[in-house]
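Following: one structure in structure tokens, then a few remarks.
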Number of protein chains: 2
Amino acid sequence: MLMKDAKKGPTEEIRRLAKAEGADAGALSALIAKGLVAAPRNSGRSFEGRAVGKLVSTKVNANVGTSKDYDDCDDEVKKAQIAVQYGADAVMDLSTGKDRDTVRKRLARELEVPLGTVPIYHAARKRRNAVDMTSDDLFNSVREHAKDGVDFVTVHCGVNRNALGRLKNDPRLLNIVSRGGALTMAWMLHNEKDNPFYEEFEYLLEIAREYDLTLSLGDGMRPGCMADASDRPEFMEIITLGELVRRCREADVQSIVEGPGHVPLDEVEMTVKAMKKLTGDAPLYLLGPLVTDIAPGYDHVVGAIGGSLAGMAGADFLCIVTPSEHLALPTADDIRDGVVVGKIAAHVADTVKEGQRERSREMDRRMSQARCDLDWKAQMSLAVDPERAEHIRGTRMTEGDTCSMCSDLCAIKLVKDALKSGKI
Amino acid sequence: MLMKDAKKGPTEEIRRLAKAEGADAGALSALIAKGLVAAPRNSGRSFEGRAVGKLVSTKVNANVGTSKDYDDCDDEVKKAQIAVQYGADAVMDLSTGKDRDTVRKRLARELEVPLGTVPIYHAARKRRNAVDMTSDDLFNSVREHAKDGVDFVTVHCGVNRNALGRLKNDPRLLNIVSRGGALTMAWMLHNEKDNPFYEEFEYLLEIAREYDLTLSLGDGMRPGCMADASDRPEFMEIITLGELVRRCREADVQSIVEGPGHVPLDEVEMTVKAMKKLTGDAPLYLLGPLVTDIAPGYDHVVGAIGGSLAGMAGADFLCIVTPSEHLALPTADDIRDGVVVGKIAAHVADTVKEGQRERSREMDRRMSQARCDLDWKAQMSLAVDPERAEHIRGTRMTEGDTCSMCSDLCAIKLVKDALKSGKI
């Protein structure tokens with residue numbers, strides 16, 4: 001188990017992770033041992049892992065997966081490949097279609113990045129009515145996924161009686177928008193029992209230890225709009241997740257904490273800092289966050305605004321949002337756009353992140369040098385998406401070495417010429 | 001003159017502006033009188049104006065204009081119309097092609113929003129070599145534009161000997177990237193004289209008074225990359241612009257201050273607050289700002305990140321950046337994408353802006369209510385870009401009233417069903 005091994009000092013895997021981050025292996029090992037950095041990898045899979053958390057670069061996850069209406073395994077595997085090609089550091093398979101087992105197994109075989117799933121979706125499909133799933137269905141789904149090689153699972157352990165009590169006392173416009181959270185709530189009300197993932201958390205830890213599975217503690221209570229943001233039910237769940245992080249660490253199980261979702265611009269910093277504090281600085285994995293509700297079709301951009309700001313405040317791991325969020329299952333192009341924009345947000349966050357600032361700023365500096373030199377080849381190779389940059393430039397060229405925006409009135413050229421003939 | 005008239009209390013025009021902003025007419029009148037809000041409109045043009053500054057909503061400008069290589073007047077007029085159609089509150093014509101006079105005159109006739117220009121581009125084209133333009137060429141260009149009905153002009157008055165002295169002592173990777181700034185610098189070095197727009201600022205004020213022309217004090221010294229940001233030459237220029245704002249106010253000439261450009265994420269707030277302070281809280285007009293240099297092709301997204309954050313810190317007016325920034329002259333589609341994303345940033349800023357917070361949050365609340373009701377028609381009509389949202393949804397429909405992302409496992413439906421049968 002990585003977390004246990006890390007306590008004895010850097011393993012080979014940790015040395016490789018440290019090298020990729022430009023970090024000291026001893027320091028990284030200590031952070032993993034304390035649970036401040038997670039590097040999800042199932043003991044049954046082998047690939048170059050990705051470290052998430054303190055001092056390491058901000059990571060990006062892309063969600064793929066079939067739904068009842070769009071149930072094509074090949075499509076989803078292709079989307080996952082595109083996500084990785086454009087820089088995703090992890091992929092989550094959220095399949096709920098008929099072919100869901102095939103999608104998961106293929107991704108576990110083919111992907112070279114951490115693979116995550118949400119086993120409750122699987123459990124919910126085992127019975128005709130989702131609320132009829134049993135506690136065993138839930139835990140068996142987790143075990144099944146772990147056996148298949150899944151590296152991290154989202155478990156909505158914080159949706160418990162205590163959280164629902166807080167929701168009752170603090171009504172929302174949109175009650176619960178997390179699918180896993182909604183399934184858990186529906187199950188709890190129907191069965192008049194508390195959440196098995198909360199009540200029998202030890203059992204989850206047992207399975208996790210067996211496969212070195214990372215637990216991503218899901219935010220089933222995350223608010224679904226600006227109006228519901230930062231409320232007492234949300235904070236109640238964070239408190240619970242913080243307690244569970246502590247139990248994970250005691251069991252040498254790696255854990256990540258998931259966060260919203262929808263957060264107004266002036267509450268992003270507070271939310272991130274509160275979550276970090278209440279969860280013992282666990283690696284923080286955000287969905288977006290979205291800072292407005294009115295931009296369907298552009299939620300990837302809205303997520304990049306929130307993600308950059310959240311990264312500055314301390315978020316470690318950004319789940320990309322695609323242009324089709326709130327509207328439809330994403331296409332491969334949507335995934336591509338979402339990943340590129342998510343990578344931009346992660347880079348922007350890294351330009352101010354402790355441990356990553358210098359490396360990231362150097363990337364910006366090199367691009368600026370290429371601009372100064374009017375070296376277009378270098379500019380393209382340094383671009384976050386060379387293909388798109390080249391396409392835009394290529395379709396509207398100018399004579400000479402400038403671009404068609406300013407043509408002969410290029411400021412960079414004007415200044416160079418002026419400095420040749422005169423002195424400041 | 002609006003500023004002078006405002007001192008006597010709300011005019012008819014100010015009452016209409018106040019209504020559009022949900023503001024008190026008396027309060028708005030006082031803000032205009034003090035120069036804390038500007039509403040650019042040439043005395044020779046009539047249209048419903050736009051207020052920029054304290055308490056009013058964050059505005060968005062789109063740049064259009066020919067270059068030497070792409071010199072089609074119709075194209076640029078069409079781009080301006082598209083910009084306004086998608087919500088631009090102002091348009092600047094930066095034409096430098098042969099047909100530049102026609103573009104400007106047509107826009108002044110046809111546009112129903114404030115029109116801005118940069119007269120030094122015009123002056124620079126009057127002579128074979130831009131550095132041979134005379135001081136008269138500069139002022140005559142301003143007068144010519146004002147006569148044509150231009151509502152605000154960018155004048156780079158802060159690029160003076162003092163600023164160039166600071167640049168000499170604090171070298172940059174990219175010296176000057178503002179076209180107007182570069183032309184001014186080249187002229188100063190060639191002619192061994194100070195900037196006429198600085199030295200003879202009184203003459204500018206005279207012309208401005210004649211046409212009630214708003215002066216947008218340009219940031220010719222704005223840094224062109226992360227590495228150069230927030231340096232002494234930039235702040236020297238801001239100090240000068242602050243002094244000129246004061247002179248504008250004494251002359252009842254409306255003024256706006258322009259700002260960067262390229263600003264690292266953790267310097268956006270500082271930059272905006274320093275600019276506001278040093279310029280007596282003049283309406284602040286930013287270009288972006290861009291928070292990374294490595295994303296050509298996605299600078300509209302990068303600008304939305306910086307613009308949202310800058311808006312939260314106090315910026316009032318956002319100049320949109322298109323996907324083709326740093327690469328080529330934008331197409332009509334680029335302008336469209338840039339404007340929509342710019343409007344999103346402006347809305348996000350308004351959700352935290354004094355005087356606009358409640359109105360903006362109500363837009364988000366209504367969208368969330370429509371989501372709660374699974375009312376897709378309402379969701380589309382409330383979207384910042386209904387056309388794109390409908391297109392995405394339309395191409396990947398599901399049966400029933402959910403979307404194809406979750407299909408039957410829609411959290412909103414699950415929770416509704418659960419609450420029908422059980423109680424929290």
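A, B, ... follow the sequence lines: proteins, then strands. Residue 1 opens every chain.
When each of B/C410, B/G297, B/S368 is checked for heavy-atom pairs under 4.5 Å with chain A, B/S368 comes out on top. Your options are B/V348, B/V131, B/V301, and the one with the most heavy-atom pairs under 4.5 Å with chain A is B/V348. Each of B/G181, B/P296, B/G97 has some count of heavy-atom pairs under 4.5 Å with chain A, and the biggest count is that of B/P296. Most heavy-atom pairs under 4.5 Å with chain B: of the set A/L164, A/L174, A/L265, this distinction falls to A/L265. Ranking A/I412, A/D385, A/V177, A/L94 against chain B, the residue ahead of the rest is A/D385, based on heavy-atom pairs under 4.5 Å. Of the listed residues B/C403, B/A328, B/A182, B/G307, the one with more heavy-atom pairs under 4.5 angstrom with chain A than any other is B/A328. For the options B/S360, B/A227, B/A383, heavy-atom pairs under 4.5 Å to chain A are most numerous at B/A383. Counting heavy-atom pairs closer than 4.5 Å to chain B, the top-ranked of the candidates A/E399, A/Q369, A/E387, A/E390 is A/Q369. For the set B/M363, B/R361, B/H190, the entry with the most heavy-atom pairs within less than 4.5 Å of chain A is B/R361. Between chain B and the residues A/I294, A/T402, A/T331, A/D266, the largest count of heavy-atom pairs under 4.5 Å involves A/I294.
No part of B/R161 comes within reach of chain A, as not one of its non-hydrogen atoms sits under 4.5 angstrom from that chain. Contact annotation for A/V302: only side-chain heavy atoms (C-beta onward) come within less than 4.5 Å of a heavy atom of chain B. Contacts of A/M188 with chain B are absent, with no heavy-atom separation under 4.5 Å from either backbone or side chain. Looking at A/L382, the atoms closer than 4.5 Å to chain B (heavy atoms on both sides) all sit in the backbone: N, CA, C or O. For a residue to count as touching a neighbouring chain, one of its non-hydrogen atoms must lie under 4.5 Å from one of that chain's; by this rule A/A304 touches chain B with backbone and side chain alike. Residue B/S178 touches chain A through its backbone alone, counting heavy-atom pairs closer than 4.5 Å. Contact of A/H326 with chain B is made through backbone and side chain together, with heavy-atom distances under 4.5 Å. Contacts of B/P386 with chain A are absent, with no heavy-atom separation under 4.5 Å from either backbone or side chain. There is no contact between B/R172 and chain A, counting heavy-atom distances below 4.5 Å. Proximity to chain B is limited to the backbone of A/T395, based on heavy atoms less than 4.5 angstrom apart. Both the backbone and the side chain of A/M405 come within less than 4.5 Å of a heavy atom of chain B. For a residue to count as touching a neighbouring chain, one of its non-hydrogen atoms must lie under 4.5 Å from one of that chain's; by this rule A/D417 does not touch chain B. Using a 4.5 Å cut-off between heavy atoms, B/W187 does not touch chain A at all. In this structure, the portion of B/H262 lying under 4.5 Å from any heavy atom of chain A is its side chain and not its backbone. At a 4.5 Å heavy-atom cutoff, the contact between B/R396 and chain A is made by backbone and side-chain atoms alike.
Side-chain contact between A/K68 and B/T398 is absent, with no heavy-atom pair separated by less than 4.5 Å. Within the 4.5 Å cutoff, the side chain of A/M367 has no heavy atoms near those of the B/C225 side chain. The closest side-chain heavy-atom distance from B/R371 to A/D293 is below 4.5 Å. Using a 4.5 Å cut-off on side-chain heavy atoms (C-beta onward), A/L327 and B/M380 make contact.
Residues forming a side chain to side chain contact (heavy atoms under 4.5 Å, CB included) with A/E267 (at least two apart in sequence, or on another chain): A/A229, A/S230, A/V263, A/P264, A/M270, A/T271. Annotation: side chain to side chain donor-acceptor pair (under 3.5 Å) contacts of B/R100 (sequence neighbours excluded): none.
Near-neighbour residues of residues 337-345 of chain B relative to chain A, defined by a heavy atom under 4.5 Å from a heavy atom of that chain, comprise B/V340, B/V341, B/I344.
Atom CG of B/L183 sits about 6.0 Å away from atom CG of A/L409, to the nearest 0.5 Å. Here A/L414 contributes atom CG and B/N175 contributes atom CG; the two are 12.0 Å apart, rounded to the nearest 0.5 Å. The distance from atom CG of A/D408 to atom OG1 of B/T96, rounded to the nearest 0.5 Å, is 6.5 Å. Of the inter-residue distances, the one linking B/I176 atom CD1 with A/L419 atom CG reads 8.5 Å to the nearest 0.5 angstrom. Distance check, rounded to the nearest 0.5 Å: OG of B/S308 to CG of A/L309 gives 9.0 Å. Taken to the nearest 0.5 Å, the CG atom of A/L173 stands 6.5 Å off from the CZ atom of B/R365.
Around atom CD of A/E269, no more than 12 heavy atoms belonging to other residues, nucleotides or ligands sit under 6.0 Å away.
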Exercise. Step by step, work out the side-chain contact (heavy atoms from CB on, under 4.5 Å) result for B/M312 and A/V291.
Key: CA-CA 12 Å; B/M312 179 158 66; A/V291 291; over 6 Å; no
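Residue pairs meeting the side chain to side chain donor-acceptor pair (under 3.5 Å) criterion with at least one partner in residues 344-354 of chain A, sequence neighbours excluded, are A/T58-A/D350, A/D316-A/K353, A/H347-A/D364, A/H347-B/T292.
Remark: the A/D69 side chain and the B/S404 side chain contain no N/O donor-acceptor pair separated by less than 3.5 Å.
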